[in-house]
Amino acid sequence: MLSASLAAGPALAQPAGPAASPQGAPPPQAAPPPKTPPPTASPSAAPTAPTTPTTPAAPASDGTPADGGPIITEEIRQEARSHFQRGLSLLREEAWAPALAEFLLSRKLFPTRAATNNAAITMRKLQRYDEALDMFETLLRDFQVPDAERAAAQRELSELRALVGTIDVAGAEPGASIVVSGEDRGEYPPVKPLRVAAGTHLVRVVKEGYEPFEGRVTVAGGQVASVTAKLRKLSASGQLRITERTGKSVEVLVDNVVVGRTPWEGRLGVGDHMVVLRGEGKLGSQPTPARVKSQELTSLALVAEELDASLRVDPTPPGASVWINAVNVGNGVWIGRLKTGSHRVEVKAEGFVPVVRTVALAKGQRETVTVTLERDEDAALWKKPARVTFDVSSSLLLAPTFSGDAAAGCGSECSRSVGLGALNFLHGGYELGSGLGFGLEAGMLVVAQQVTGRSATFTPNGLGPQSGTADDALRLTGFLGGATVGYHLGERFPALFRLGVGVMAGQMRDERRGHFRTSGGDTFDVDPVADFQSATYFYVDPEVRVGARFAQHFEVSAGVQALLLIAASQPRWNSSIELGASTDGIGRYPDETLMGEFVLMIAPGVSLRYDF
């Protein structure tokens with residue numbers, strides 16, 4: 001920050017620099033530098049004022065400035081000096097907001113380099129970076145600044161431009177009023193760039209006879225954010241007439257926008273509006289509601305009186321509505337004058353827990369109330385909407401064993417492969433906003449397993465069982481259908497936990513060949529034969545998936561699914577099939593189960609989901 005000493009107050013004798021202190025009075029110091037200066041970055045894209053300093057015109061001997069401005073009397077000089085000294089005292093106490101008010105008032109009465117410098121410093125302390133940038137530019141443009149002080153101010157400009165962006169309003173009606181975060185920024189089209197501190201701002205564009213435009217915009221430091229503010233003509237409107245009871249001519253603000261002076265009459269949209277009168281100095285009225293009815297005239301007579309206190313309300317989120325004494329004064333930042341005493345401040349926004357505070361204002365007090373709303377997690381705003389979902393999945397199916405007698409006969413000299421196959425499912429469901437979902441599923445599976453060299457028997461007709469080995473090529477095909485319940489959570493990288501239950505209706509095919517001995521001791525091979533048996537099982541299929549969303553309604557995921565089959569009707573080998581038994585004639589394989597009562601399979605795979 002600037003390190004030069006500042007004079008105690010303004011004086012006419014030295015228009016190009018700080019005012020001289022009274023005799024014997026030590027010169028007050030500039031505001032202390034910030035404890036943590038902001039980072040230096042590239043300058044803002046917004047145009048800046050010229051930096052060539054100019055010297056204000058010297059006043060004439062009678063107190064009238066050479067440029068024809070207002071006469072600066074000794075009384076005005078002393079009042080400006082008094083406010084400047086009060087601002088310095090507040091700076092030492094780090095009371096930034098009250099100090100800024102004193103410096104601005106001192107500048108309004110008689111601008112000096114000292115007051116301008118300290119106003120810029122306090123604005124930066126208050127994180128009003130766009131205003132601080134403007135004030136530092138004013139310092140360098142309008143005053144002769146010593147070299148060291150100029151270098152410091154230029155460093156501030158460089159840093160502040162990285163913290164300030166620009167809002168470009170387009171598409172509005174000429175003459176419409178622009179309000180950014182509660183501050184009047186002139187008419188459309190603006191005569192200069194709308195510079196704002198980096199962050200989220202609420203932009204309102206208002207013109208009589210049109211519906212007001214309101215939108216939020218996030219501005220990055222050094223960048224330009226565009227807002228297209230198309231205004232639509234009012235379809236339903238009424239007339240509002242505002243008068244001041246004692247006949248004063250003061251400004252009329254409707255919904256924080258200056259619309260004219262009293263008496264004023266204009267056409268507004270149907271509904272509730274907020275009216276404030278504003279005059280010179282502290283003259284004004286507190287916020288007053290006005291309800292406009294279609295095709296009717298609403299008259300409101302207000303009194304402009306001295307309002308000895310001021311209040312600024314900074315809500316978060318930026319678009320939260322602010323209520324002062326049960327009057328809705330608008331959305332976003334609100335700044336206004338109020339009577340001394342207690343006032344009820346309420347801030348609320350959809351999806352957040354409202355906050356109510358009571359603020360006691362003393363005479364001359366300038367209070368800033370910062371309110372940060374907490375999210376209401378039970379609010380409908382944060383709950384995802386219910387939606388219909390469809391997904392298709394394809395998985396590799398692994399079956400360690402089909403169990404049953406065919407696989408159970410595989411001993412130490414037998415080999416048994418892991419069952420391999422595929423499992424495909426189609427799911428349809430309804431998912432609540434909480435993520436809990438219900439649905440139906442239909443699928444198909446095929447899985448095969450080889451069992452080679454298992455112990456088996458073959459019984460020739462009229463003889464006893466003969467021992468030997470058998471090779472089985474088992475293949476299960478089936479259709480599945482059932483109901484599901486699941487839980488889906490997350491947005492960008494969602495997870496799904498789902499459980500399905502249903503019935504599998506399928507068929508087990510066993511292509512078998514055997515190696516046995518005849519009753520005479522000779523070996524023979526039983527001819528290959530295939531048996532087809534129905535298999536009916538209940539199933540349970542828990543699964544978990546993790547995915548990623550792409551586009552608006554699509555999600556791809558990978559996961560693993562278990563498939564537990566519980567027998568309702570086990571497939572069994574048809575023992576009536578007769579086969580050649582070499583010299584022993586004809587024989588049969590015994591009645592055996594081809595699948596167990598419980599069969600567990602694992603299915604890793606991928607899925608594609610669509611929801612709307």
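One-based numbering along the sequence shown. Everything quoted here is computed from the prediction, not taken from an experiment.
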Taking CD in E350 as the centre, count heavy atoms belonging to other residues, nucleotides or ligands within less than 6.0 Å. Is the count above 12?
no
Any heavy-atom pair between the side chains of L91 and N118 that's under 4.5 Å?
yes
To the closest 0.5 Å, what do you measure between CZ (R150) and CZ (F136)?
13.0 Å
Can you tell me how far OG1 of T200 sits from CZ of R216, rounded to the nearest 0.5 angstrom?
8.0 Å
Heavy-atom distance under 4.5 Å between the side chains of V258 and R278, does that happen here?
yes
Taking N325 as the fixed residue, which of K339, H343, R344 is the one that meets the side-chain hydrogen bond (donor to acceptor under 3.5 Å, both in side chains) rule?
H343
Donor-acceptor pair, distance only, cut-off 3.5 Å: does the side chain of R245 make one with the backbone of A301?
yes
Between the side chain of E208 and the main-chain N/O of R267, is any donor-acceptor distance below 3.5 Å?
yes
Between D255 and R204, is any pair of side-chain heavy atoms under 4.5 Å apart?
yes
Do any N or O atoms from the side chain of S158 and from the backbone of Q154 form a donor-acceptor pair under 3.5 angstrom?
no
Just how far is it from atom OG1 of T262 to atom CG of L302, taken to the nearest 0.5 Å?
9.5 Å
Can you confirm whether L133 sits close enough to L157 that some side-chain heavy atom of one is under 4.5 Å from a side-chain heavy atom of the other?
yes
With Q239, which of E296, E265, K293, Q295 fulfils side-chain hydrogen bond (donor to acceptor under 3.5 Å, both in side chains)?
E265
Main chain of T340, side chain of K363: is a donor-acceptor contact present, judged purely on distance under 3.5 Å?
no
Residue that, paired with R357, satisfies side-chain contact (heavy atoms from CB on, under 4.5 Å) out of V313, V371, V347:
V371
Distance col, row L104:CG vs M135:CE, nearest 0.5 angstrom, shows 5.5 Å
Check whether any side-chain heavy atom of R366 sits under 4.5 Å from a side-chain heavy atom of P98, and report yes or no.
no
S106 side chain to E102 main-chain N or O, any donor-acceptor pair under 3.5 Å?
no
If we count only N and O atoms by modelled type, under 3.5 Å, do the side chains of E244 and T246 hold a donor and an acceptor together?
yes
Do D142 and T116 touch side chain to side chain, with heavy atoms closer than 4.5 Å?
no
Do the side chain of Y129 and the main chain of E159 share a donor and acceptor less than 3.5 angstrom apart?
no
Within-4.5 Å side-chain heavy-atom neighbours: E214 and L202:
yes
Go through V254 and V252 one step at a time and tell me if the side-chain contact (heavy atoms from CB on, under 4.5 Å) criterion holds.
CA-CA 7 Å; V254 177; V252 178; 4.1 Å; yes
Should the heavy atoms of other residues, nucleotides or ligands under 6.0 Å from CD of E280 be counted, would the total exceed 12?
no
Let me confirm one number: the CG-CG distance from L240 to L297, rounded to the nearest 0.5 Å.
8.0 Å
Could you walk me through whether R312 and E183 pass salt bridge (Lys or Arg N to Asp or Glu O under 4.0 Å), step by step?
CA-CA 11 Å; R312 177 187 175 106; E183 303 227 4; 3.5 Å; yes
Hey, does R291 have a side-chain heavy atom less than 4.5 Å from the side chain of T298?
no
With rounding to the nearest 0.5 angstrom, report the CG to CZ distance, L277 to R261.
10.5 Å
Picking from V206, I178, V205, D184, what satisfies side-chain contact (heavy atoms from CB on, under 4.5 Å) with V257?
V206
